[in-house]
Amino acid sequence: MRIGIVVIMMLFLQACAIFGPPTELDDTKGLSAERIYEKASEEMANKNYKKSVEYLKKLESRYPNSKYGAQAKLDMAYAYYKQQDAAQCVSSVERFIKIHPNHPNLDYAYYLKGVAYFKERGVLEKVTFQDISDRDPKVLRQSFLAFKDLLTLYPNTRYGKDATERMIYLKNKLADHELHVARHYMKVKAYVAALNRAKFVIESYPDSSFVEEALVITISAYDNLDMNDLKEDNLRILKQNYPNSPMFTKGQDTKKRDWWKFWDKD
């Protein structure tokens, strides 16, 4: 009996060497675009995203010009998003936008792109145990710009409220990053560099919650640079816009050049 099994195995291996390994059964062979899409949707509903992508790829390659072929690209991007593969998701979205510039769901494509980058920000924070504002903010900008494109092109999109709320969050994170760098420059007495970072926050993120600190840094930097007129100008702006700033209570006995230290987190 054992000899028989060995012989069968040897014959199987010889066949593989000649004809190659057995191919996987294609359960979509001869199916219509609609039926393949249904199978992909079923796998998606069951959260089997990898299998769903396999069906969607077959659908796209066999019926690229059908309505299901177009939707397959967008669904594929969503499946990659659910697998936390931001790079593949964004790549699929950008390909969809390029090939189908007039698709009725184009606003969703831009929204998905922004959300994919936004989720990648969260993954980075969990993996590194470090606030993303302390790191390269590239992924923050990419998410912000995707949402900005969405709201510019589709101001009445149903995704507008969510995109706007995410942009507010991202603005604050980007502003926080700039001031994180500015505080470092103040510590090493690179006052011009610190000044440029703080001014960038004031000009680029005027509605963020970090403008007050940015103004304080500009005042401290100008004071250290002995640029008294500009220091006083910014001090007046601070008083006008933030009359209850701790700088006018806690900082009364502190030299203006050291005011920035009240916000130092390190």
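Because the structure is a prediction, the values reported are computed rather than measured. We're numbering straight along the sequence, starting at 1.
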If every non-hydrogen atom of Ala182 is compared with every non-hydrogen atom of Ala194, which pair is closest and at what distance?
-> O-CB, 3.6 Å
Does any donor atom in the side chain of Asp229 or Tyr222 lie under 3.5 Å from an acceptor atom in the other side chain?
-> no
Evaluate the side-chain contact (heavy atoms from CB on, under 4.5 Å) criterion for residues Phe118 and Phe144: first the C-alpha distance (whole Å), next the side-chain angles of each, then the deciding distance (0.1 Å), finally the verdict.
-> CA-CA 8 Å; Phe118 192 89; Phe144 182 84; over 6 Å; no
Between CD on residue Glu212 and CG on residue Leu238, distance to nearest 0.5 Å | 6.0 Å
Shortest non-hydrogen contact from Ser209 toward Asn172 = N-OD1, 2.8 Å
Looking only at non-hydrogen atoms, find the nearest pair between Ser208 and Val201 and report the distance.
-> OG-CG1, 4.4 Å
Does a side-chain heavy-atom distance below 4.5 Å link Phe147 with Val115?
-> yes
Answer yes if Leu174 and Tyr185 sit in the same cluster of Ile, Leu, Val, Met, Phe, Trp and Tyr residues linked by side chain heavy atoms under 4.5 Å apart, and no otherwise.
-> no
Would Val53 and Gln83 count as a side-chain contact (heavy atoms from CB on, under 4.5 Å) if you check the C-alpha gap in whole Å, the side-chain angles of each, and the deciding distance to 0.1 Å?
-> CA-CA 11 Å; Val53 167; Gln83 294 179 83; 3.9 Å; yes
Leu225-Leu230 co-clustered via ILVMFWY side chain contacts under 4.5 Å = yes
Indicate if Val192 and Val188 have the same hydrophobic cluster label, given that clusters are the connected sets of ILVMFWY residues with side-chain heavy-atom separations under 4.5 angstrom.
-> no
Heavy-atom closest contact (Tyr191 atom, Ala221 atom, distance) | O-CB, 3.9 Å
Evaluate the side-chain proximity of Lys171 to Phe210: yes if any heavy-atom separation is below 4.5 Å, no if none is.
-> no
Any side-chain heavy atom of Lys51 within less than 4.5 Å of one from Tyr49?
-> no
Ser220 side chain near Met186 side chain, heavy-atom distance below 4.5 Å | yes
Taking the side chain as C-beta and beyond, is there a heavy-atom pair between Ile237 and Asn241 under 4.5 Å?
-> yes
side-chain contact (heavy atoms from CB on, under 4.5 Å) evaluation trace for Lys67 with Gln71 = CA-CA 6 Å; Lys67 66 175 183 178; Gln71 189 61 38; over 6 Å; no
Are Arg183 and Glu213 ion-paired here, with the side-chain N under 4.0 Å from a carboxylate O?
-> yes
Donor on one side chain, acceptor on other, Thr28 and Arg35, under 3.5 Å = no
What distance separates Asn105 CG from His100 NE2, expressed to the nearest 0.5 Å?
-> 11.5 Å
Could you tell me the separation between the CD atom of Glu34 and the OH atom of Tyr63, rounded to the nearest 0.5 Å?
-> 11.0 Å
Decide yes or no on ring pair (Phe, Tyr, Trp, His ring centres under 6.0 Å) for Tyr55 and Tyr37, but give the supporting numbers first.
-> CA-CA 7 Å; Tyr55 282 134; Tyr37 185 74; over 10 Å; no
Correct closest heavy-atom pair for Ala198 and Leu179 would be CA-CD2, 4.2 Å
May I ask you to test the Tyr205-Phe200 pair for a side-chain heavy-atom distance under 4.5 Å?
-> yes
Show the atom names and distances, to 0.1 Å, of all donor-acceptor pairs under 3.5 Å that link a side chain in residues 148-159 to residues at least two apart or in another chain.
from: Thr152; atom 1: OG1; to: Lys148; atom 2: O; distance (Å): 2.7
from: Thr157; atom 1: OG1; to: Asp107; atom 2: OD2; distance (Å): 2.9
from: Thr157; atom 1: OG1; to: Tyr159; atom 2: N; distance (Å): 3.2

Spacing of CD1 belonging to Ile202 relative to CD1 belonging to Ile217, to within rounding of 0.5 Å | 9.0 Å
Electrostatic pair Lys98:Glu94 at N-O distance under 4.0 angstrom = no
Any idea which heavy atoms bring Ala77 and Cys89 closest together, and the distance?
-> O-SG, 3.3 Å
Are Tyr169 and Leu112 in one and the same hydrophobic cluster, where Ile, Leu, Val, Met, Phe, Trp and Tyr link if side-chain heavy atoms are under 4.5 Å apart?
-> yes
Rounding to 0.5 Å, atoms CG (Asn228) and CG (Leu235) come to a distance of 11.5 Å
Are Lys39 and Glu42 ion-paired here, with the side-chain N under 4.0 Å from a carboxylate O?
-> no
If you measure from the Lys or Arg side-chain nitrogens to the Asp or Glu carboxylate oxygens, is any gap between Arg197 and Glu203 under 4.0 Å?
-> no
Is Leu140 close to His177 at the side-chain level, that is, under 4.5 Å between some pair of heavy atoms?
-> no
Do Tyr81 and Val93 have side-chain heavy atoms sitting under 4.5 Å apart?
-> no
Do we see a donor-acceptor contact under 3.5 Å between the side chains of Asp162 and Tyr111?
-> yes
Linked, directly or transitively: Met44 and Leu31 (ILVMFWY side chains, under 4.5 Å) = yes
Does Ser143 reach the main-chain N or O of Val139 with its side chain, forming a donor-acceptor pair under 3.5 Å?
-> no
Interatomic spacing from CG in Asn234 to CG in Leu195 - rounded to 0.5 Å = 8.0 Å
Does a side-chain N-to-carboxylate-O contact under 4.0 Å join Arg95 and Glu60?
-> yes
Is a donor on one side and an acceptor on the other found under 3.5 Å between the side chain of Ser52 and the backbone of Asn48?
-> no
Are Arg62 and Ile36 close enough, and set up right, to give a side-chain contact (heavy atoms from CB on, under 4.5 Å), and what steps lead you there?
-> CA-CA 10 Å; Arg62 293 178 195 172; Ile36 298 175; 3.9 Å; yes
